[in-house]
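In what follows, every chain begins at residue 1, and chains take the letters A, B, ... in the order their sequences are listed. Both backbone and side-chain heavy atoms feed into the values below; hydrogens, waters and symmetry mates do not.
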Protein chains: 2
Amino acid sequence: MPNNQFKRGELYSFMTGKASTAIARRLQKNFKQAGIDITVEQWSVLYHLWKQDGMSQQELCNATFRDKPSITRLVDNLEKQKLVKRVASKDDRRMNLIYLTDDALKLEIQTMELANTTLNEALEGVSSEKISICKEVLQIVYDNLK
Amino acid sequence: MPNNQFKRGELYSFMTGKASTAIARRLQKNFKQAGIDITVEQWSVLYHLWKQDGMSQQELCNATFRDKPSITRLVDNLEKQKLVKRVASKDDRRMNLIYLTDDALKLEIQTMELANTTLNEALEGVSSEKISICKEVLQIVYDNLK
DNA sequence: GGCATATAGTTAGTTATGCAACTAACCAAA
DNA sequence: TTTGGTTAGTTGCATAACTAACTATATGCC
């Protein structure tokens, strides 16, 4: 027995992700205004490389919840912009290890600040408790479906 | 003073919309399995037309939180699939009013059931109270940024 | 060693998104 | 009524997504 029943279309905006679209758009706008010329999708890849440099493309797929072709193209574009480099792994020549360039390292602090600013804009007027619950729910949704 | 400060990247998945991506993907998969050949984006347009047929493209932009070119192309594709028709407004010839075809009317019940199923899959194990709070937070985020 | 299978990544084709620039129609003020 | 601004929609370009099919390398079993 499902533990929730919804009225017709009640959770439409939940499903269609208007909130996350709005956040992504605002973050993109904030990047642009700061003169930072990367897409939010590219940023999400850099984000994981800042945490751990030299990940393989497959690891980036898992981390960013994207499929392999998407990561191929994102890395293509990041490489064009000289933000990352593909390096063939010596252990397993099927793998590309992705390394940040100095240019990309310089972007970390500034973009993380912009991300924080964006979230503060988004969550203005929401209590920490509610944010926490919301985050928890979204995590469960992700785990249920991934 | 912002009322929330986040640890570095703490809300990454909040920002990048993994949960809504996962829901959209699952809904798409459920459509496909049921033999329904529309994209979730197309469904989101049909959704609003089921509530109110004959909306203009601009109204669909506002309703679906998309820009005008996106709606132009979605309506193009829906028209190709014979699910909607563009009808020039008599009052204002700049406007196209978008009307559902019989084929599209037939899809409503089945796809709304699939949407419900998908949401139940997504929200399995989450209490109604938490869902309610999460929905409220997402609405505020949307209102803050739109 | 050799073959089947699995894994990492790329390529091709379709759909979707965002921005900018454009056309057409409407409207209001001179 | 003409001029100038606004609104509705389209088109072009770049990026991104998913699916399916592909190449190349690795691995495991005989």
Side-chain angles (χ1 to χ4, degrees), chain A residues 16-18 20-33 37-45 54-81 83-84 86-98, chain B residues 16-18 20-33 37-46 54-81 83-84 86-98 145:
Chain A
T16 52
K18 277 192 194 179
S20 59
T21 302
I23 292 177
R25 254 182 232 174
R26 179 63 63 95
L27 180 60
Q28 185 73 72
K29 189 178 143 196
N30 287 344
F31 281 170
K32 191 170 187 180
Q33 279 182 354
D37 196 28
I38 58 173
T39 66
V40 292
E41 293 84 1
Q42 291 170 354
W43 176 78
S44 80
V45 172
M55 291 174 82
S56 72
Q57 294 190 196
Q58 184 56 55
E59 287 171 328
L60 286 171
C61 289
N62 301 333
T64 63
F65 199 46
R66 290 180 165 84
D67 65 357
K68 291 193 294 178
S70 295
I71 291 296
T72 294
R73 318 259 187 211
L74 282 171
V75 172
D76 284 349
N77 286 330
L78 285 166
E79 224 173 11
K80 271 189 225 158
Q81 295 176 260
L83 293 172
V84 303
R86 279 182 171 94
V87 178
S89 167
K90 285 174 184 168
D91 297 337
D92 184 340
R93 283 184 305 158
R94 290 172 304 180
M95 284 200 290
N96 293 331
L97 305 183
I98 312 302
Chain B
T16 52
K18 278 191 195 182
S20 60
T21 302
I23 291 177
R25 254 182 231 172
R26 178 62 63 94
L27 180 60
Q28 185 72 73
K29 190 178 142 195
N30 288 344
F31 282 172
K32 191 170 185 178
Q33 278 183 355
D37 196 27
I38 59 173
T39 66
V40 292
E41 293 84 1
Q42 290 170 353
W43 175 80
S44 79
V45 172
L46 295 178
M55 292 173 81
S56 71
Q57 295 190 195
Q58 184 58 53
E59 287 170 329
L60 286 171
C61 290
N62 302 334
T64 64
F65 197 48
R66 289 179 167 85
D67 65 357
K68 290 191 295 176
S70 294
I71 290 297
T72 294
R73 318 243 191 225
L74 282 171
V75 172
D76 285 349
N77 286 330
L78 284 166
E79 223 174 13
K80 270 189 225 158
Q81 293 176 258
L83 293 172
V84 304
R86 280 183 171 93
V87 178
S89 167
K90 284 174 184 168
D91 297 336
D92 183 341
R93 283 183 306 155
R94 290 171 305 178
M95 284 202 291
N96 292 331
L97 304 183
I98 311 301
L145 299 183

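- Residues satisfying the side chain to side chain contact (heavy atoms under 4.5 Å, CB included) test with A/Ala24, not counting sequence neighbours, are A/Val40.
- A search for salt bridge (charged side-chain N to carboxylate O under 4.0 Å, His left out) contacts involving A/Asp92 returns A/Arg94, not counting sequence neighbours.
- Atom pair B/Glu41:CD and D/dC18:P shows a separation of 10 Å (rounding to whole Å applied).
- Taking atom NZ of residue B/Lys68 and atom C1' of nucleotide D/dT6, one finds them 10 Å apart after rounding to whole Å.
- When atom types are taken as modelled, the side chain of A/Gln28 and the backbone of A/Ile38 share a donor-acceptor pair closer than 3.5 angstrom.
- Set against C/dA16, D/dG9, C/dG9, the side chain of A/Met95 has C/dG9 as its closest nucleotide.
- For C/dT17, one of the phosphate oxygens OP1 or OP2 lies less than 4.0 angstrom from a side-chain nitrogen or oxygen of B/Arg66.
- Taking 4.0 angstrom as the limit, B/Thr21 places none of its side-chain polar atoms (N or O) nearer than this to OP1 or OP2 of D/dA17.
- Annotation: side chain to side chain contact (heavy atoms under 4.5 Å, CB included) contacts of A/Arg66 (sequence neighbours excluded): A/Glu41, A/Ser44, A/Thr64, A/Ser70, A/Ile71, A/Leu74.
- Rounded to an integer number of Å, the gap from CG of A/Leu97 to P of C/dA8 is 12 Å.
- Between the C1' atom of C/dT15 and the CZ atom of B/Phe31 lies a distance of 15 Å, rounded to the nearest Å.
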Problem set entry | Derivation of the side-chain contact (heavy atoms from CB on, under 4.5 Å) call for A/Leu83 and A/Asn77 | CA-CA 9 Å; A/Leu83 293 172; A/Asn77 286 330; over 6 Å; no
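- Taking 4.0 angstrom as the limit, A/Gln57 places none of its side-chain polar atoms (N or O) nearer than this to OP1 or OP2 of C/dT7.
- Note: CG (B/Asp37) to C1' (C/dT14) measures 12 Å, nearest angstrom.
- Shown for residues 69-78 of chain B: residues whose heavy atoms fall under 4.0 angstrom of DNA chain C, namely B/Pro69, B/Ser70, B/Leu74, B/Asn77.
- Residue contacts for A/Lys80: at a heavy-atom cut-off of 4.0 Å it reaches no nucleic acid atom on any strand shown.
- Rounded to a whole Å, the CH2 atom of B/Trp43 is 17 Å from the C1' atom of C/dA16.
- Taking the nucleotide of DNA chain C with the nearest heavy atom to each of A/Lys29 and B/Val40, the more 5' of the two is matched to B/Val40.
- B/Arg25 approaches A/Phe65 most closely through the heavy-atom pair NH2-O, 2.7 Å.
- Atom-to-atom, CG of A/Leu60 to C1' of C/dA8 comes out at 13 Å; the value is rounded to the nearest Å.
- A/Gln28 comes within contact range of no nucleotide atom at all, as no heavy-atom separation falls under 4.0 Å.
- Residues satisfying the side chain to side chain contact (heavy atoms under 4.5 Å, CB included) test with B/Asp76, not counting sequence neighbours, are B/Thr72, B/Arg86.
- Listed nucleotides: C/dG9, D/dG9, D/dC18. Nearest to the side chain of B/Arg25: D/dC18.
- Of the two residues contacting DNA chain D, namely B/Ser56 and A/Asp67, the nearest-nucleotide position lying further toward the 5' end is that of B/Ser56.
- Residue A/Thr39 holds its OG1 atom at 7.0 Å from CG of A/Leu78, rounded to the nearest 0.5 Å.
- Remark: C1' of D/dT10 and CD of B/Gln58 are 13 Å apart, rounded to the nearest angstrom.
- One N or O on the side chain of B/Gln81 and one on the backbone of B/Asp37 form a donor-acceptor pair closer than 3.5 Å.
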Under 3.5 Å between N/O atoms: give me all the protein pairs with nucleotides 23-26 of chain C, atom names plus distance.
from: C/dC26; atom 1: OP1; to: B/Arg93; atom 2: N; distance (Å): 2.9
from: C/dC26; atom 1: OP2; to: B/Arg93; atom 2: NH2; distance (Å): 3.3

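- If you check D/dT10, C/dG18, D/dA16 against the side chain of B/Asn96, the one that comes closest is D/dT10.
- A sub-4.0 Å separation between OP1 or OP2 of C/dG18 and a side-chain N or O of A/Arg26 is absent.
- Shown here for B/Val45 and B/Leu60, the closest heavy-atom pair between the two residues is CG1-CD1, 4.0 Å.
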